[in-house]
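One structure is given here, and the rest of the page talks about it.
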Amino acid sequence: MKQLHPWPGSVAEAEAVQDRLRGEVELSGPDSFALVAGLDVHYRGDDALTAAVVVLDGGTLEPVEEVVAHGEAAFPYVPGLFAFRELPALVAALERLTVTPDLLVCDGYGLAHPRGFGLACHLGVLTGLPALGVGKTPFVGTHEPPGPERGAWTPIVHEGATVGRALRTQREVKPVYVSQGHRISLDVATDQVLRLTPRYRLPEPVRRADHLARHPS
DNA sequence: GCGACAG
DNA sequence: ATCTTGTCGC
């Protein structure tokens with residue numbers, strides 16, 4: 001795990017961190033994953049928050065390990081700098097795992113970001129693990145609506161480049177927005193999100209992490 | 001210049 | 001993200 005510090009104290013410093021780490025992102029990697037982790041954070045008013053990580057068997061989607069870490073928002077909410085709010089708590093939760101996941105499925109964006117370095121890229125570079133981002137609402141770029149069938153997708157284009165995909169994970173259900181985080185291709189990221197959504201709109205690991213963060217044991 | 005803007 | 005009732009559907 002890379003060091004988090006020095007922690008940015010301003011918007012300019014945070015943007016500089018992103019611009020510096022962006023060069024370390026790798027856009028290709030493995031195409032199958034034995035252990036898949038979902039990450040999410042739940043806010044409990046003020047600055048208090050709970051980060052949850054749930055690791056699933058990549059084949060059966062059965063849970064393998066669940067951890068939580070309580071903390072506080074580490075930065076004000078600024079679109080594009082969202083990662084700095086949640087990173088310390090998410091990293092603390094990851095450090096509590098006794099297993100090492102082979103893929104991180106993050107709640108938010110990766111490459112599809114104003115500076116090409118969203119939360120999924122940041123977590124991937126810090127941990128060195130393959131990572132992808134799944135957003136619930138559009139952020140940067142433009143895209144056509146994908147067809148109504150599960151598996152249909154359209155490219156998200158930002159400043160002339162494809163930075164992600166709008167992907168229909170269930171028939172007639174709003175698409176999710178998939179982007180590369182680290183050490184993964186867009187094709188593999190898309191394939192993984194589909195594998196992880198047998199029933200619901202959002203990937204199973206993220207759904208489970210969301211539930212755990214809301215209802216810690 | 002102004003508004004919009006992941007969670 | 002969160003504040004919140006009812007309602008529709010499996």
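We name chains A, B, ... by the order of the sequence lines, and we start the count at 1 in each one. All values derive from a computational prediction rather than experimental measurement. Excluded from the calculations below are hydrogen atoms, water molecules and symmetry mates; all remaining heavy atoms, backbone and side chain alike, are included.
Judged purely by distance below 3.5 Å, without hydrogens or angles, the side chains of His70(A) and Thr50(A) pair a donor atom with an acceptor atom. With 3.5 Å as the limit, one finds a donor-acceptor pair spanning the side chains of Thr197(A) and Arg150(A).
Using a distance-only test at 3.5 Å, with no hydrogens or angles considered, a donor-acceptor pair links the side chain of Glu65(A) to the main chain of Val99(A). Judged by distance alone, the side chain of Asp57(A) and the main-chain N or O of Glu62(A) form no donor-acceptor pair under 3.5 Å.
The existence of a salt bridge linking Asp191(A) and Arg195(A) is excluded, since no basic side-chain nitrogen approaches an acidic carboxylate oxygen closer than 4.0 Å. The residues Asp40(A) and Arg207(A) are annotated as not salt-bridged, no charged nitrogen and carboxylate oxygen being separated by less than 4.0 angstrom. Salt bridge annotation for Arg85(A)-Glu72(A): absent, with no cationic side-chain nitrogen under 4.0 angstrom from a carboxylate oxygen.
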Pairing string of DNA chain C (Watson-Crick or G-U wobble, both atom distances under 3.5 Å; | = paired to other strand) is ..........
Taking Watson-Crick and G-U wobble contacts under 3.5 angstrom, with | marking pairs to another strand and [ ] crossing pairs, the secondary structure of DNA chain B is written .......
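Evaluation of the side chain to side chain donor-acceptor pair (under 3.5 Å) test over residues 167-182 of chain A, restricted to residues two or more places apart or in two chains, returns Glu149(A)-Arg171(A). Every pair passing ring-ring contact (aromatic ring centres under 6.0 Å, His included) that includes a residue from residues 189-217 of chain A is listed here, sequence neighbours excluded: His211(A)-His215(A).
For DNA chain C, the span of nucleotides reached by chain A at under 4.0 Å from its heavy atoms goes, 5' to 3', from dA1(C) to dT2(C).
In this view, Thr154(A) and His143(A), Glu144(A), Pro146(A), Ala166(A) satisfy the side chain to side chain contact (heavy atoms under 4.5 Å, CB included) rule, not counting sequence neighbours. Every salt bridge (charged side-chain N to carboxylate O under 4.0 Å, His left out) that Asp187(A) has, sequence neighbours left out, goes to Arg165(A). Under the salt bridge (charged side-chain N to carboxylate O under 4.0 Å, His left out) criterion, Asp19(A) pairs with Arg22(A), sequence neighbours left out. For Pro8(A), the side chain to side chain contact (heavy atoms under 4.5 Å, CB included) test picks out Glu13(A), Ala14(A), Phe75(A), Phe84(A), with sequence neighbours left out. In this structure, the side chain to side chain contact (heavy atoms under 4.5 Å, CB included) partners of Ala120(A), at least two apart in sequence or on a different chain, are Cys106(A).
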Check nucleotides 2-6 of chain B against the protein and report each pair of N or O atoms closer than 3.5 Å, with its distance, or say if there are none.
unit_1 : atom_1 : unit_2    : atom_2 : d
dA6(B) : OP2    : Tyr77(A)  : OH     : 2.8
dA6(B) : N7     : Gly80(A)  : N      : 3.2
dA6(B) : N6     : Gly80(A)  : O      : 3.0
dA6(B) : N6     : Phe82(A)  : N      : 3.3
dA6(B) : N6     : His113(A) : NE2    : 3.4
dA6(B) : N1     : Leu119(A) : N      : 3.3
dA6(B) : N3     : Tyr109(A) : N      : 3.2

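Within residues 188-217 of chain A, no residue places a heavy atom under 4.0 Å from DNA chain B.
Considering every non-hydrogen atom in both Thr190(A) and Val178(A), the closest pair reads N-CG1, 4.3 Å.
The interatomic distance linking Tyr177(A) (OH) with dG7(B) (P) rounds to 10 Å, in whole Å.
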